[in-house]
Asker: 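Pasting a structure below so you can have a look.
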Amino acid sequence: MKRVVSVSIGDSKRDHYVETEIMGEKFIIERIGTDGSIQKAIELIEKMDGKVDAIGMGGISLYLWAGRPYTIRAALPIKRAAKITPVVDGVGLKNTLERRIIAYLHNNDIVNFTKRKVLVTSGLDRFGMAESLDHHGADIILGDLIFAIGVNVPINSLKGLYRIAAVAAPIACMLPFHMIYPTGDKQNKNNGSKFAKYYNNAEIIAGDFHYVKKFMPADMRNKIIITNTVTAEDVDQLRDSGLELLVTTTPEFNGRSFGTNVMEGVVISLLKMSGKGNTPAEYDEILDKLDLKPRIEYLNKAGVAVQC
């Protein structure tokens, strides 16, 4: 049996465990939160190194991306904690799966993005999603300055994001991680009034759920959210907010959509079994075989939920 564990610096209340079968292989998939402690995450990874098939870095990415990678300094000790087991942060699927999901939604007339107003909470984090939305004609607003560092300046294009990133990203990547992303119990706190106008002006909100949730207003009627990791409690909250449609780029397992780092751990395990590497082309090849579909739930509108 394969075992993939996400060691997350997020809230331990969001932990989850599931046993499932993927492409004929039995998997244990698990998420363990460290409540904001990078040191505890390092210690857990050191203990599991060589004993599991893949480890996901949850709640933190190794890179931000804006035309080129920018390395987050705080993530390096976590990445280097394992000497045997591969450690992945989800970037491989952000570059492949999330592009494919946007195309799938658009090409199957589930969500037509042409000229739709889409708020992307962070284009540096969900670069594949942002680029695919732009490719499919969405009118995107990028909230990197707004949601990451609290500067109330929207970015209206990917070119604008790349220009700003060339100056700001190297500095941001040197900061303590909690200054640019909610960690630990901060992931459950909401500041919905601060930047509500950006949600109100958008038809679709896309991006990491912790950013989405942190600033989400109470009223989300007639809105669509495209995100990644949600729990059953998150779904209940979204339903109560009046949200029309929820899409997660990763499938649901027992009421929980795991993060891209977890699913990348599954992909890496399958690639390793077949003797393949980890290039985007090889990711796409295994994704074709997995035939992953987004989790689609109409929360406040008549519709048929599509599950993987």
Side-chain angles (χ1 to χ4, degrees), residues 1-35 40-62 78-98 100-101 228-235 248-295 306-308:
M1 180 176 284
K2 301 292 183 183
R3 186 182 177 199
V4 175
V5 182
S6 171
V7 177
S8 173
I9 61 172
D11 191 347
S12 61
K13 293 177 183 176
R14 299 175 66 87
D15 287 356
H16 197 59
Y17 174 99
V18 67
E19 295 185 19
T20 189
E21 187 171 306
I22 301 172
M23 287 182 59
E25 291 292 327
K26 293 183 178 180
F27 275 84
I28 292 174
I29 303 174
E30 187 174 4
R31 188 262 194 196
I32 303 173
T34 68
D35 299 311
K40 185 176 179 181
I42 292 169
E43 292 170 0
L44 282 171
I45 291 172
E46 288 175 342
K47 289 180 182 178
M48 286 188 284
D49 188 23
K51 300 175 183 176
V52 300
D53 295 279
I55 297 171
M57 290 172 51
I60 189 169
S61 296
L62 185 60
I78 303 175
K79 172 71 173 178
R80 294 168 178 166
K83 309 302 181 187
I84 302 171
T85 301
V87 178
V88 293
D89 66 348
V91 167
L93 290 192
K94 292 175 185 179
N95 190 34
T96 53
L97 176 64
E98 294 197 339
R100 295 162 65 109
I101 294 301
N228 53 329
T229 309
V230 294
T231 65
E233 291 77 13
D234 293 327
V235 175
T248 66
T249 58
T250 52
E252 176 189 359
F253 294 104
N254 295 348
R256 175 75 147 84
S257 293
F258 284 104
T260 51
N261 72 92
V262 180
M263 295 311 299
E264 186 171 0
V266 172
V267 167
I268 283 288
S269 299
L270 293 170
L271 286 171
K272 186 177 179 181
M273 286 178 56
S274 61
K276 301 274 178 113
N278 59 355
T279 66
E282 287 166 319
Y283 271 49
D284 276 325
E285 182 181 341
I286 201 75
L287 289 172
D288 285 339
K289 293 178 181 177
L290 286 169
D291 194 27
L292 292 180
K293 299 294 191 300
R295 169 189 181 176
V306 178
Q307 305 290 345
C308 287

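Quantities reported herein were computed from a predicted structural model and do not represent experimental measurements.
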Asker: If every non-hydrogen atom of Pro251 is compared with every non-hydrogen atom of Leu292, which pair is closest and at what distance?
Answerer: CG-CD2, 4.2 Å
Asker: Between Lys2 and Glu25, does any NZ, NE, NH1 or NH2 come within less than 4.0 Å of an OD or OE carboxylate oxygen?
Answerer: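 Not counted as a salt bridge, because no side-chain N and carboxylate O are separated by less than 4.0 Å.
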Asker: Do Val267 and Thr96 come close enough that some side-chain heavy atom pair is under 4.5 Å?
Answerer: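 Not in contact.
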Asker: How far apart are the closest heavy atoms of Phe27 and Ser269, and which atoms are they?
Answerer: CE2-CB, 4.0 Å
Asker: What verdict does the side-chain contact (heavy atoms from CB on, under 4.5 Å) test give for Leu44 and Val5, after you've listed the backbone C-alpha separation in whole Å, the side-chain angles of each residue and the deciding distance to 0.1 Å?
Answerer: CA-CA 10 Å; Leu44 282 171; Val5 182; over 6 Å; no
Asker: I need the full list of ring pair (Phe, Tyr, Trp, His ring centres under 6.0 Å) pairs touching residues 257-282, with sequence neighbours left out, sorted by first then second residue.
Answerer: His16-Phe258
Asker: Measure the spacing between CG of Leu271 and OG1 of Thr279 and express it to the nearest 0.5 Å.
Answerer: 8.5 Å
Asker: Hey, are the side chains of Met263 and Leu287 touching, using non-hydrogen atoms and a 4.5 Å cut-off?
Answerer: no
Asker: Below 4.5 Å, heavy atoms only, C-beta onward: do Glu30 and Val52 meet side chain to side chain?
Answerer: no
Asker: When you check the side-chain N and O atoms of Asn261 and Ser6, is any donor under 3.5 Å from an acceptor?
Answerer: yes
Asker: Checking the side chain of Asp284 only, and the main-chain atoms of Ala281 only, is there a donor and an acceptor separated by less than 3.5 Å?
Answerer: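 It does not hold such a pair.
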Asker: Let me confirm one number: the OG1-CD distance from Thr231 to Glu252, rounded to the nearest 0.5 Å.
Answerer: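 CD of Glu252 is found 11.0 Å from OG1 of Thr231.
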Asker: Please walk me through it: do Met48 and Val7 pass side-chain contact (heavy atoms from CB on, under 4.5 Å)?
Answerer: CA-CA 10 Å; Met48 286 188 284; Val7 177; 3.2 Å; yes
Asker: To check you understand the geometry: which heavy-atom pair defines the closest contact between Arg31 and Ser8, and what is its length?
Answerer: NH2-OG, 3.3 Å
Asker: For Lys26, is there an ion pair with Glu19 - N to carboxylate O distance below 4.0 angstrom?
Answerer: no
Asker: Please enumerate all residues that pass side-chain contact (heavy atoms from CB on, under 4.5 Å) together with Glu43, with sequence neighbours excluded.
Answerer: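 Partners of Glu43 by the side-chain contact (heavy atoms from CB on, under 4.5 Å) criterion, ordered by chain and then number, come out as Gln39.
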Asker: For the CD1 atom of Ile45 and the OG1 atom of Thr34, what is their distance to the nearest 0.5 Å?
Answerer: 9.0 Å
Asker: With a 4.5 Å cut-off on side-chain heavy atoms, are Asp53 and Lys272 touching?
Answerer: no
Asker: Mind checking the CD-NZ spacing from Glu233 to Lys13? Nearest 0.5 Å is all I need.
Answerer: 11.0 Å
Asker: Taking all non-hydrogen atoms of both residues into account, name the closest pair between Arg14 and Val230 and its distance.
Answerer: NH2-CA, 4.2 Å
Asker: So does Lys83 pair up with Asp49, basic N to acidic O under 4.0 Å?
Answerer: no
Asker: Do side-chain atoms of Glu264 reach the backbone of Val91 as a donor and acceptor pair under 3.5 angstrom?
Answerer: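 Checked: pair present.
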Asker: How many angstroms lie between CD1 in Ile9 and CD1 in Ile60, if you round to the nearest 0.5 Å?
Answerer: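 The distance works out to 4.5 Å.
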Asker: Mind checking whether Leu97 and Tyr283 have side chains closer than 4.5 Å, heavy atoms only?
Answerer: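 No. Closest side-chain heavy atoms not under 4.5 Å.
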Asker: A side-chain contact here means heavy atoms from C-beta on lying under 4.5 Å apart; do Val262 and Thr250 qualify?
Answerer: no
Asker: Sequence neighbours excluded, which residues qualify as side chain to side chain donor-acceptor pair (under 3.5 Å) partners of Glu98?
Answerer: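 Result, side chain to side chain donor-acceptor pair (under 3.5 Å) vs Glu98: Arg126, Thr249.
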Asker: With distance as the sole test, does Thr85 use its side chain to make a donor-acceptor pair with the main-chain N or O of Ala54 at under 3.5 Å?
Answerer: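 Checked: no pair found.
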Asker: Taking the side chain as C-beta and beyond, is there a heavy-atom pair between Asp291 and Lys293 under 4.5 Å?
Answerer: yes
Asker: Roughly how far, to the nearest 0.5 Å, is the NZ atom of Lys79 from the CD1 atom of Ile55?
Answerer: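 Answer rounded to 0.5 Å: 10.0 Å.
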Asker: Do Ser12 and Asp35 have a side chain donor and acceptor closer than 3.5 Å?
Answerer: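 Their side chains do contain a donor-acceptor pair, which is all the 3.5 Å distance test asks for.
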Asker: Please name the pair of heavy atoms, one in Pro294 and one in Ile101, separated by the smallest distance, quoted to 0.1 Å.
Answerer: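 That closest heavy-atom pairing would be CD-CD1, 3.6 Å.
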Asker: Quick check: closest heavy atoms across Asp89 and Leu62, and the distance to 0.1 Å?
Answerer: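 Looks like OD2-N, 2.6 Å.
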